[in-house]
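Below you'll find the structure, written out as structure tokens, and then a few comments.
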Amino acid sequence: MNKSPITYETEYIYKNGVKIGYVQLKGSAYCHTAWGYLKFYSAAPYDYYANVWVDSFNGTTKRAFTSCASSGGNGWIMKGQRPVILHNYGI
């Protein structure tokens, strides 16, 4: 079985029409986890700049959610940070 992470989706982030970074939904079929990855092209200009949410569904029913700011996460994106990885979340 392939142990490499999978990128399921990438969305670019714009501010005033300028691409400033992207957010990705990543996961691993091997360890049954999912996580968010947030990348800015420049360091965050101020504290509490961004947060990533990952929601888990069973069909159409939301079963759980987590974010960078959740317990066990890496916290809000603060001034000076660039890449941020949301903690793994069991699917």
Side-chain angles (χ1 to χ4, degrees):
M1 175 170 262
N2 187 347
K3 295 182 181 181
S4 298
I6 299 165
T7 299
Y8 293 104
E9 190 168 351
T10 300
E11 291 290 331
Y12 291 98
I13 304 165
Y14 293 87
K15 182 175 182 181
N16 300 324
V18 176
K19 193 184 308 183
I20 62 169
Y22 59 88
V23 61
Q24 292 179 318
L25 175 61
K26 292 186 169 275
S28 169
Y30 179 76
C31 58
H32 305 285
T33 58
W35 61 93
Y37 178 81
L38 180 60
K39 171 75 176 186
F40 292 111
Y41 301 134
S42 298
Y46 52 85
D47 287 346
Y48 302 100
Y49 189 64
N51 190 9
V52 177
W53 287 91
V54 175
D55 295 327
S56 174
F57 287 84
N58 182 3
T60 59
T61 304
K62 187 181 207 176
R63 67 181 187 130
F65 63 91
T66 191
S67 79
C68 292
S70 296
S71 176
N74 293 334
W76 280 89
I77 289 69
M78 304 302 267
K79 184 175 182 175
Q81 287 183 302
R82 281 184 178 201
V84 176
I85 300 172
L86 173 65
H87 65 89
N88 288 349
Y89 176 73
I91 296 174

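Hydrogens, waters and symmetry mates are skipped; everything else that's a heavy atom, side chains included, is used. Note that the structure is a prediction, hence the values are computed from the model and not measured.
Not a single side chain to side chain donor-acceptor pair (under 3.5 Å) links Thr60 to another residue, sequence neighbours left out. With sequence neighbours excluded, the residues forming a side-chain contact (heavy atoms from CB on, under 4.5 Å) with Ser4 are Asn2, listed by chain and number. With sequence neighbours excluded, the residues that form a ring pair (Phe, Tyr, Trp, His ring centres under 6.0 Å) with Tyr46 are Tyr49. Here Tyr48 pairs with Trp76 under the ring pair (Phe, Tyr, Trp, His ring centres under 6.0 Å) rule; sequence neighbours left out.
Across every non-hydrogen atom of Leu38 and Ala50, the tightest pair is CD2-CB, 3.7 Å. The heavy-atom pair separating Ala43 from Gly80 by the smallest distance is CB-O, 3.5 Å. In terms of heavy atoms, Asp47 sits closest to Lys79 at OD1-N, 2.9 Å.
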Inset, instruction - Report the C-alpha distance between Tyr37 and Val52 in whole Å, list the side-chain angles of each, state the deciding distance to 0.1 Å, and finish with yes or no for side-chain contact (heavy atoms from CB on, under 4.5 Å). - result: CA-CA 8 Å; Tyr37 178 81; Val52 177; over 6 Å; no
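Lys26 NZ to Trp35 CH2: the interatomic distance, rounded to the nearest 0.5 Å, is 7.5 Å. Rounding to the nearest 0.5 Å places OG1 of Thr7 at 8.5 Å from CG of Leu25. To the nearest 0.5 Å, atom OG1 of residue Thr10 and atom NZ of residue Lys39 are 13.5 Å apart. To the nearest 0.5 angstrom, Asp55 atom CG is 5.0 Å from Phe57 atom CZ.
Counting heavy atoms from C-beta outward, Ser28 and Tyr30 have side chains that approach closer than 4.5 Å.
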Distance-only donor-acceptor hits, side chain of residues 12-23, under 3.5 Å, sequence neighbours excluded:
none

